[in-house]
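Written below as structure tokens is the structure these notes are about.
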Amino acid sequence: MKLSRADFPQGFQFGAATAAYQIEGHRFGGAGPCHWDSFAATPGNVIRAEDGALACDHYHRMEADLDLLRDAGMDAYRFSTSWARVLPEGRGTPNAEGLDFYDRLVDGCLERGLKPYQTIYHWELPSALSDLGGWTNPDVADWLADFAEVICGRIGDRVHSIATINEPWCVAWLSHFIGHHAPGLRDIRAAARAMHHVNKAHGRTMTRLRDMGHDTCGIVLNFEATAPASDAAADIRAAATQDAINNRWFIEAIAKGSYPAEALEGLEPHLPRGWQDDMAEISQPIDFLGVNYYTRNHVQAVEGVPWPSSTVVDGPRDKTQMGWEIFPEGLHGTLTRMSRDYVGDLPIFVTENGMAWPEEPDHADGVRIDFIERHLQAMHAAIADGTNLQGFFYWSLLDNYEWAFGYEKRFGLVHVDFDTLERTPKASYHALADAIARKDGA
Ligand code: IFM
């Protein structure tokens, strides 16, 4: 790669990200059942009905995995803490083994000079809470805050930063309207409630973290560049509606205490009564914004179907193994949009960016190296344009459980053989390590 650490501001953090259910091995260590276990066990939801029971067995290989981060010269590690591992019933008695595991993980980071970046919730809702309606139940706000108090009460003295929730859009829209993630609902009323409750849970958890004295707290949102499929007025309008649902709903609530009109048009009739009363807590200050960015969507209007009356069609650029269009300019646009329209000079981190690509002989991985380089250039340009971008976490350290796609889509810098669980760094791991180590600029 041409770019190196020297091209980024002093103190810029380079790291990699993972999430608990995708790597740990959920069957180990006394974790309780979660809604991804039952979603995966239902035919048709996940490729080959694969689940996270074993995953990368990070639960037993955590030390070696942290060595991989250290050996790449990384500054930081972004991980998540499994709700069902810490509180197997979602509430009540904590699982001592689970708390011990995260204790060791945080200490393991610090021993290796890695700053621990915690995400409290990255999708494994305990089944006991799913039975109560999960994200459609307004009480989820207090349940999440209570979980935060337990886990941050144990490791919060040593983590460097805390994000409340990873990708609320996936928690709410992808899981309750599109039905692609657990719990697999396709219901606009459930979706509207989840869209609001996930924000409410963020706000309630922020309040709890502040009460506990934490001062590096924020949230991780996912964004997609959004373009109309044509110049037709209907496509332009459809793209604006999708942009409001995907990109504006969460950041506007957090930064401005309001929801975009284009999204309220379809969702307001289904929102919980009195939702306006929650907006003050939702819009309390955060200390940083995490931005996850992968691709661009081309939105086409569809006549004769209910709101939002649109579909996503293929874009012209090259695609990753996920079929996602590679569009680095969208990362630049997202970062500059965030600072210009929403968060000003607040620190921003790219908390996820990466791509899936099939296994290659000798893990040559040239496409991923090019992908990373082009996205680093986009970050570099956003900084030059005034964005207070303070770090980049590649998604993901390891090939792992890619949710409804099972183990087929490989996002890792490190190849995992899912028969032997052997880890092999790919060429992208070495290229990124070299860029992090080099002191010369482009
Ligand atoms: O694997 C996911 C991760 O859990 C959340 N962000 C997107 C990644 C790739 O799909």
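Atoms within each ligand, like the ligands themselves, are counted from 1 in listed order. Quick note: numbers below take in every heavy atom, side chains included, and nothing from hydrogens, waters or symmetry partners. Since the model is a prediction, treat every value here as computed from it, not as a measurement.
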| Evaluation steps, salt bridge (Lys or Arg N to Asp or Glu O under 4.0 Å), between Arg112 and Asp107 | CA-CA 9 Å; Arg112 292 166 178 82; Asp107 284 345; over 6 Å; no

Within the protein, flag every N or O under 3.5 Å from an N or O of ligand 1, and note the pair and distance.
unit_1, atom_1, unit_2, atom_2, d
ligand 1, 1 (O), Gln22, NE2, 2.9
ligand 1, 1 (O), Trp395, NE1, 3.3
ligand 1, 1 (O), Glu402, OE1, 2.6
ligand 1, 4 (O), Gln22, OE1, 2.7
ligand 1, 4 (O), His122, NE2, 2.8
ligand 1, 4 (O), Trp403, NE1, 2.8
ligand 1, 6 (N), Glu167, OE1, 3.2
ligand 1, 6 (N), Glu167, OE2, 2.8
ligand 1, 6 (N), Glu352, OE1, 2.5
ligand 1, 10 (O), Glu402, OE2, 2.6

| message | Using 0.5 Å steps for rounding, measure from the CE atom of Met379 to the CG atom of Asn353. | response | 5.0 Å

| message | Using a 6.0 Å distance limit plus a 45 degree cone around the ring axis, check whether Arg85 lies over the aromatic ring of Phe101. | response |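 Yes, Arg85 sits over the ring of Phe101.
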
| Reference residue His181; test ring-ring contact (aromatic ring centres under 6.0 Å, His included); the match among Trp135, Trp36, Phe405 |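 The residue from Trp135, Trp36, Phe405 that satisfies ring-ring contact (aromatic ring centres under 6.0 Å, His included) with His181 turns out to be Trp36.
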
| request: Would you please name every residue forming a side chain to side chain contact (heavy atoms under 4.5 Å, CB included) with Thr119, sequence neighbours left out? | output: Arg78, Ser80, Ala163, Asn166

| Picking from Tyr294, Tyr293, Phe393, what satisfies side-chain contact (heavy atoms from CB on, under 4.5 Å) with Glu352? |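 Only one of Tyr294, Tyr293, Phe393 forms a side-chain contact (heavy atoms from CB on, under 4.5 Å) with Glu352, namely Tyr294.
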
